[in-house]
Amino acid sequence: MTEWILFVVLSVIAIGSAVMMLVGRNPVHCALWLVLTFFCVAGFFLTLGAPFLAAVQIIVYTGAIMILFLFVVMLVNPEREGEPAVPASHRRAGLTLAAVLLVVMVGAITTRSGLGAIPTEPGGVTLRQVGTALLTEWMLPFELTSVLLLVAMIGAIVLARRRIE
Amino acid sequence: MEYVVMAAKAVVVFALVSGSMPFIVWAERKVMADAQARIGPNRVGPFGILQSFADALKLIFKEDVVPTGIDKRIFYLAPILSIIPALITFAVVPYGGPDLKLFGYPVGYVADLKDVGILYVFAVTTLGVYGIVLAGWASNNKYSLMGALRSSAQMISYEILLGLSIMGVVIGSGSLSLVEIVQAQATPYFGVIPGIWLFAQPLGFLIFLIASLAEANRVPFDLPEAESELVAGFHTEYSSFKFAMFFMAEYINLLTLSGVITTLFLGGWLGPGVDRFPILGVLYFSVKTVALVYFFIWLRATLPRLRYDQLMRFAWKVMLPAALINIFITAYWVAR
Amino acid sequence: MLKDIKDAVEQSLAIFRGLGVTLRHILRERRVTTQYPEQRPPQAFRYRGIHQLRLDENGKELCVGCNLCGLVCPAECIYVEGAETDNPEEERVTHYERFARVYILNSARCLYCGFCVEACPTDALAMTPQYELGEYHRRDCIYDKEDLIKNYLRWKDQAGYGIEWCHPEKLPEWTGHAEPLTPPSHAAPAIGEHRQ
Amino acid sequence: MVPTVAYLAVSAVLFTLGVVGVLVRRNALIIFMSIELMLNAVNVSLVSFARQHGHATGQVFVLLILAVAAAEVAVGLAIILSVFRHRDTVDVDHVNLMKW
């Protein structure tokens, strides 16, 4: 019962703040609503028995990525020009497409059987298992990520550097 | 019942941490005064020990100035975002061993997060940046914004060092849990030298110490509020109780970081005779933490503030390679 | 590379040297703070505090309301209205026909230069060593004649604080409560001194 | 115990909200945030699958996605910054030329 209460509260906050992020005018407010959503996602990870991922989620998403976002928002300072209104037809088309997507996804989820099954192991996956899987089964993707990060780092520096003539 | 005990512990730790903050401020003012051949506060109470309470009273009753053109909601949110992480970090710091029992319940720590432990400390200290960044942005003041931008860059840089420098300890202890990290320091080296990580990880300790100074915005890394250049940095526009909250957060962070360093590198509650009398552990922990706080104050009395480019260069070109070298050495030593 | 390492080591050691310096000061007992309300700082011999209007030995006012002080005042903080009287001498406030009907000094505007004291022909105006002049209202900074005479009565027994201020040759032996300011031994050298 | 399907439903809703953000907002920064929201929604479903099957692969994937997200943010924000420097706007409708 406690889990259900927790789940419902987290879902309501997550979806509500995601909606607030979508309708917000000020990019800083949007970023803060998104941070709240990320917190709720970290909460989901906790209830799903992945406390390590919850901590990493907070460190990486709220601690690094969103701070980077705030940094850029402050540099770009888009407040001085209000975002032009999106044409109503455009908005309608976008919402329709999203609604279709939602219907498809919900349909896919509900028609599959067996997803409501309770896991046999209440302890879930231990951190040790994750680490072992990461360094044996998924060794190549793991190493490729480091290459990806390196490339991203170089790319970011090249792109954001001021041209020196 | 278990939850009641946990809540009671949380309340006690919360009260102790926030209650010791006025005395840290007082100690800082006294030690700084000593170092500068002054007397320091000596009017309110014996040796001026109640000075912080008088200051708090004054701050609460002062006029709350709200500048024009600000983002009001965020302006009010920022001090709260700054103080909450400062207060909740201490929850995982073990101030006594698991043997320390009161009425049959272990009371050595509020929570021992097995798979998270030290990551919780990082996750929470990261959130402290939000208070500073948002305060600077919401104030509608260019100095505040400069302070905020500086602090976000500084904190992101030094957070990486914070994480990398404890990897040695984590690899050596084989656990992320702070309780287990302390327990891993129980066996002495060669039977005589205390087995604390300070001796096995001197480089890691040094990097963690410096990075935590930067993370707490302490001198010599107090760039976000560099008085001489940025008026008061991110809290220029804050007054009254909102300023007091930033102030409290700063000193509680100092205490928390001292506690974390004690746990990670100085053996936490460990000390002679602690296995026979577990209550001694609390004493050892407090003594080590207070000594570290004193050291930080002493550092503040000594060192000048770094320039911004020096700060960044130091982080990325000196500390980062050193931290990586430390990880390699430790990994080699463990895998050997 | 080698030089960089050497520099780094030296600079790191400098931090510890600095810590040593502060530690030495922490352990030393020397304190330079003056505990002000209980402990007074030594005051200069000719310290120029708020003014006094002096009386002579018979209790008559010395001021004749000539307004020379008001004329010479750079801040224009002194207002004097002179008047004459036909009363017999024993009923006059001065020994002369002339006296100051109004004497007002604004201590908030005064810059304590002492020109007024130098200008006074009857040595009626002098300064006192009193420096605690804070008030809650600006109107309290306006001193009238009675206030200034009260200042005289307050300080007249403190030898050395009277008219001798502008006549150094008349200075008596120092008996005041404060000591003349002596420069501390560690004071910075005067300009040009270090060149020798 | 909350069944996996409930988590999947929330994940689907969050994902859809991210899609809506990409489709109807014109501020490049907000579009970017919506993409992050979609990644997070996927992470939730991956972790819930990991719990259901008692297998670590889902969590491993989440870790990999985190790394990819960090890389993506670094490059993406750099692109937004350089676009802003050249065009003085972050409105994607105004960034419609391949070359300037």
Side-chain angles (χ1 to χ4, degrees), chain A residues 3-4 7 11 14-15 18-19 21-22 27 30-31 34 37-38 41 44-45 48-50 53 56 60 64-65 68-69 72-73 76 78 83-84 86 91 94-95 97-98 101-102 105-106 109 115-121 124-125 129-130 133-134 138 141 145 148-149 152-153 155-156 159-160, chain D residues 1-10 12-17 19-21 23-27 29-30 32-34 36-37 40 43-44 47-48 50-57 59-60 62-64 66-75 77-82 84 89-91 93:
Chain A
E3 283 134 15
W4 268 106
F7 174 77
S11 316
I15 294 170
V19 170
M21 190 269 281
L22 289 182
C30 292
L34 193 58
T37 311
F38 287 167
V41 171
F44 284 140
F45 289 173
L48 286 166
L53 282 184
V56 171
V60 173
I65 292 182
L68 212 57
F69 261 106
V72 172
V73 169
V76 170
E83 188 176 326
V86 180
R91 182 175 298 171
L95 287 175
L97 271 175
L101 180 71
L102 183 64
M105 279 197 294
V106 169
I109 292 164
L115 289 179
I118 309 295
T120 44
E121 268 182 289
V125 185
Q129 276 175 291
V130 177
L134 196 61
W138 303 101
T145 334
L148 176 74
L149 282 172
M153 194 167 78
L159 281 168
Chain D
M1 204 97 183
V2 183
T4 308
V5 70
Y7 284 102
L8 290 182
V10 173
V13 172
L14 285 178
F15 191 87
T16 312
L17 287 172
V19 172
V20 171
L23 289 178
V24 306
R25 290 302 296 259
R26 304 270 49 86
N27 187 327
L29 285 161
I30 310 264
F32 215 1
M33 289 182 205
S34 304
E36 296 298 327
L37 183 59
N40 259 273
N43 283 353
V44 172
V47 176
S48 61
R51 185 191 65 165
Q52 167 151 20
H53 298 293
H55 200 276
T57 309
Q59 297 203 14
V60 170
V62 172
L63 281 175
L64 296 180
L66 279 170
V68 172
E72 173 219 332
V73 162
V75 176
L77 286 178
I79 292 175
I80 290 179
L81 256 188
S82 63
F84 178 76
T89 178
V90 288
D91 189 331
D93 279 348

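Per chain, numbering begins at 1; letters A, B, ... match sequence-line order. All of these numbers come straight from a predicted model, not from anything done at the bench.
Remark: D:F32 engages A:F69 in a ring pair (Phe, Tyr, Trp, His ring centres under 6.0 Å) (not counting sequence neighbours). Remark: D:S34 pairs with no residue by the side-chain hydrogen bond (donor to acceptor under 3.5 Å, both in side chains) rule, at least two apart or across chains.
Options A:V106, A:L68, A:L95, A:L97 differ in how many heavy-atom pairs under 4.5 Å they form with chain D, and the most are formed by A:L68. Most heavy-atom pairs under 4.5 Å with chain A: of the set D:I80, D:V60, D:N40, this distinction falls to D:N40. Most heavy-atom pairs under 4.5 Å with chain D: of the set A:V56, A:T37, A:L53, this distinction falls to A:L53. Per-residue counts of heavy-atom pairs under 4.5 Å with chain D were compared for A:T145, A:L134, A:I65; the largest is that of A:I65. Listed options D:A12, D:A50, D:G21, D:A70 were ranked by heavy-atom pairs under 4.5 angstrom with chain A; first place goes to D:A12. For the options D:I79, D:L17, D:V13, D:L63, heavy-atom pairs under 4.5 Å to chain A are most numerous at D:L17. Heavy-atom pairs under 4.5 Å with chain A were tallied for D:V75, D:V19, D:L77; the largest tally goes to D:L77.
Using a 4.5 Å cut-off between heavy atoms, D:A67 touches chain A through backbone and side chain atoms alike. For a residue to count as touching a neighbouring chain, one of its non-hydrogen atoms must lie under 4.5 Å from one of that chain's; by this rule D:E36 touches chain A with backbone and side chain alike. The contact between A:A50 and chain D is made by backbone and side chain atoms together, counting heavy-atom distances below 4.5 Å. The contact between A:W4 and chain D is made by backbone and side chain atoms together, counting heavy-atom distances below 4.5 Å. For a residue to count as touching a neighbouring chain, one of its non-hydrogen atoms must lie under 4.5 Å from one of that chain's; by this rule A:V130 touches chain D with backbone and side chain alike. With a 4.5 Å cut-off on non-hydrogen atoms, A:M105 touches chain D through its side chain but not through its backbone. Looking at D:L81, the atoms closer than 4.5 Å to chain A (heavy atoms on both sides) all sit in the side chain, from C-beta outward. Residue contact with chain D, scored on non-hydrogen atoms closer than 4.5 Å, involves the backbone and the side chain of A:I15 alike.
Residue A:L22 forms a side-chain contact (heavy atoms from CB on, under 4.5 Å) with just one option from D:V20, D:V24, D:L37, and that option is D:V20.
Between D:A9 and A:I109, the closest heavy-atom pair is N-CD1, 4.2 Å. Heavy atoms only, all atoms of each residue included: A:A98 and D:T16 are closest at O-CG2, 3.2 Å. Taking both residues in full, the closest heavy atoms of D:Y7 and A:L48 are given as CE1-CD2, 3.5 Å, listed atom of the first, atom of the second, then distance. Nearest heavy atoms, A:A133 versus D:A56: CB-CB, 4.0 Å. For D:M33 against A:P27, the heavy-atom pair with the smallest separation is CE-O, 3.7 Å.
Residues D:N43 and A:F44 form no side-chain contact, since every pair of their non-hydrogen atoms from C-beta on lies 4.5 Å or further apart.
To the nearest 0.5 Å, the span separating CG on D:N27 from SG on A:C30 amounts to 8.0 Å.
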